[in-house]
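Encoded as structure tokens, the structure appears first; notes follow it.
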Amino acid sequence: MINDVQNKLQSFPIKEFQDDLINWYLAEKRDLPWRKDQDPYKVWVSEIMLQQTRVDTVIPYFNAFITKFPTINALADADEEEVLKAWEGLGYYSRVRNLQAAVKEVKETYSGKVPDSPLEISKLKGVGPYTKGAILSIAYNIPEPAVDGNVMRVLSRILSIWEDIAKPKTRKIFEEATYELISKEDPSSFNQAVMELGALICTPTSPKCLLCPVREHCTAFDEGVQSELPIKSKKKKPKPLQMAAAVLYDNTGKLYIHKRPPAGLLANLWEYPNLELDSMSGKTYRDQLGEFLLNEYGIEAELSELTGTVEHVFSHLIWNISVFIGKVKNVNDTNLLPVTEEELQRYAFPVSHQKIYQIYKKADLS
DNA sequence: GACCCGTGGTC
DNA sequence: TGACCAAGGGT
């Protein structure tokens, strides 16, 4: 297949393609906050945030994050709790844990300068083949491929590549093609231009081919198959889980929260005590929750009737959470943290547990 | 290679 | 409204 693509590139007008694409990009590119300079740190932060995340979502997070942590050293020295809080709501939280670990590595091993060699930058946590190429090309103007979903969609149409872009090994085909296609004079603009084209013109559904600056070089458009490319196999559906959660409060008005383990789903985030329910147990959700609070956290609470439900969809799971409110009667040895509602604002919660808190706020506690 | 890891927007 | 998505990486 790689030979197949190499053959197509033999007769492809590479120089004209580069010029048309880059000229369009320079004229039409969006004014995004991470494009104000080529600071490798800011490019890096933006690329991590943009992984599987829309530009419009990222913009406010990026601005706040850079204000809070303007430099490598600032992020390296920051309190982990504060860093996680700055990521709250963005999702894929291991991204920011890896980012801070990598930034510490840059501070210590590379004197605070983001390395500009493919080998060194690849060793940094959270920097995979895409992010490596993105930083090297955008920040350092080095002609490395940065193959993301946009690049695979655009090039699959331009070159009529019918491989399944959902398969990991397929990325290699597009990297090989990009080595040939990329502008050696302006790799930064070239890589960003392909992604910008994918975001604005060569969209997944109903691509705006009549506005496309490289339409005359597009094999798929020429053959009228642009809407059938790229080929992308389906992902499986998320699996539903029945859960119960308790918002516990005591007579001083404090709420009892729990820090999730440092690995796995929502690692290191805070949550209201909760468990996965056993529908075969014959016990009510409320009783299962009450026993769990006692056994797991040594807390006796007077639980409400069902106060509300939260549904939260992850990429691979659906949580169906029954929410109860509990007045704490007796606390033994517990690893729950009692906090005031003001202190609550300092801790990072996943969106699902923000929804749980909203149910508590709306409930009538009389 | 398969699976895990979030969230909000869109049609 | 369910399905699909959006600048992927780790294990």
Side-chain angles (χ1 to χ4, degrees), chain A residues 25 29-30 32-35 42-62 84 87-99 101-102 121-135 137-139 145-154 164-172 174-175 178 188 190-200 202-206 230 232-240 260-269 271 310-319 348-355:
Chain A
Y25 173 71
K29 66 177 178 180
R30 290 168 292 178
L32 300 173
W34 46 89
R35 287 180 175 162
K42 290 185 217 163
V43 171
W44 185 5
V45 170
S46 73
E47 291 302 338
I48 300 298
M49 285 190 173
L50 285 163
Q51 289 171 7
Q52 302 293 287
T53 311
R54 285 182 157 72
V55 166
D56 288 345
T57 303
V58 166
I59 289 172
Y61 280 92
F62 176 83
L84 206 49
W87 209 268
E88 183 185 52
L90 250 192
Y92 288 136
Y93 298 94
S94 67
R95 290 184 293 178
V96 76
R97 185 178 62 246
N98 289 335
L99 175 62
I121 202 169
S122 285
K123 291 180 185 166
L124 298 172
K125 282 183 187 171
V127 177
Y130 164 75
T131 306
K132 169 190 67 174
I135 297 173
S137 61
I138 296 173
V147 175
D148 69 342
N150 284 309
V151 175
M152 290 197 281
R153 181 173 61 257
V154 169
D164 183 356
I165 66 167
K167 295 189 184 306
K169 62 180 293 189
T170 304
R171 197 194 70 249
K172 201 167 181 59
F174 292 93
E175 285 179 346
T178 302
S188 172
F190 181 89
N191 276 348
Q192 293 184 82
V194 181
M195 293 188 275
E196 195 80 344
L197 191 74
L200 301 181
C202 197
T203 46
T205 57
S206 43
K232 191 173 187 181
S233 54
K234 321 265 187 211
K235 322 182 201 182
K236 64 176 197 177
K237 287 198 299 189
K239 172 185 170 187
R260 293 178 61 87
L265 183 65
L266 304 169
N268 285 341
L269 272 72
E271 64 182 359
V310 165
E311 182 190 86
H312 193 79
V313 179
F314 297 87
S315 43
H316 59 303
L317 290 176
I318 302 177
W319 278 357
F349 287 82
V351 170
S352 48
H353 283 257
Q354 295 174 28
K355 295 178 187 171

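None of the values given here were measured: they were computed from a predicted structure. First the proteins, then the strands, lettered A, B, ... as listed; each starts at 1.
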Members of residues 46-55 of chain A that approach DNA chain B, where some heavy atom sits under 4.0 Å away: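 Contacts with DNA chain B under 4.0 Å: A:Q52, A:T53, A:R54.
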Between [options], which nucleotide has the shortest distance from any of its atoms to the side chain of [X]?
X	options	value
A:S315	B:dG1, C:dA6, B:dC5	B:dC5
A:P168	B:dG1, B:dG6, B:dC4	B:dG1
A:D148	C:dG8, B:dT7, C:dA3	C:dG8
A:P129	C:dG9, B:dG6, C:dC5	C:dG9
A:Y130	C:dG9, B:dC5, C:dC5	C:dG9
A:K169	C:dC5, C:dG10, B:dG1	B:dG1

Any side-chain N or O of [X] less than 4.0 Å from the OP1 or OP2 oxygen of [N]?
X	N	value
A:K234	C:dC4	yes
A:Y93	B:dT7	yes
A:H316	B:dC4	no

I need the [atom1]-[atom2] distance between [X] and [N], as an integer number of Å.
X	N	atom1	atom2	answer
A:L84	B:dT7	CG	P	11 Å
A:K167	C:dG9	NZ	P	20 Å
A:I165	C:dA6	CD1	P	9 Å
A:H353	B:dG6	NE2	P	12 Å
A:E88	B:dG8	CD	P	10 Å
A:L317	B:dC3	CG	P	13 Å
A:E175	C:dG8	CD	C1'	12 Å
A:Q354	B:dT7	CD	P	8 Å

What is the nucleic acid contact for [X], judged by heavy atoms within less than 4.0 Å: base, sugar-phosphate only, or nothing?
X	value
A:R153	sugar-phosphate
A:N98	sugar-phosphate
A:R30	base
A:G264	sugar-phosphate

Pair A:Q51-A:T131, side-chain donor/acceptor within less than 3.5 Å: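 Present: a donor and an acceptor within the cut-off.
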Whichever of A:V313 and A:T205 has its nearest DNA chain B nucleotide further upstream toward 5':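 Nearest nucleotide further toward 5': that of A:V313.
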Reported OG1-to-OH distance for the pair A:T53 and A:Y61, which is rounded to 0.5 angstrom: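 Those atoms lie 10.0 Å apart.
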Inter-residue atom distance A:H316.NE2 - A:L265.CG, 0.5 Å rounding: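 A:H316 atom NE2 to A:L265 atom CG measures 5.5 Å (nearest 0.5 Å).
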Which whole number of Å gives the distance between the [atom1] atom of [N] and that of [M]?
N	M	atom1	answer
B:dG6	C:dT11	P	13 Å
B:dC5	C:dA6	C1'	15 Å
B:dG1	C:dG8	C1'	16 Å

A:E196/A:K29 ion pair, N-O < 4.0 Å: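 Salt bridge between A:E196 and A:K29, a charged N being under 4.0 Å from a carboxylate O: no.
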Between [X] (side chain only) and [Y] (backbone N and O only), is there a donor and an acceptor less than 3.5 Å apart?
X	Y	answer
A:Q354	A:F349	yes
A:R35	A:R30	yes
A:K132	A:L124	no

Which atom of A:V58 lies closest to which atom of A:M49, heavy atoms considered: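 Residues A:V58 and A:M49, closest heavy atoms: CG2-O, 3.4 Å.
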Where A:I165 and A:P230 come nearest, the two heavy atoms and their spacing: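 Nearest heavy atoms, A:I165 then A:P230: CD1-CG, 3.6 Å.
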Residue mapping more 5' on DNA chain C - nearest nucleotide basis, A:L124 or A:L32: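 That would be A:L32.
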Watson-Crick or G-U counterpart of B:dG1, or none if no pair lies under 3.5 Å: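 Partner of B:dG1: none.
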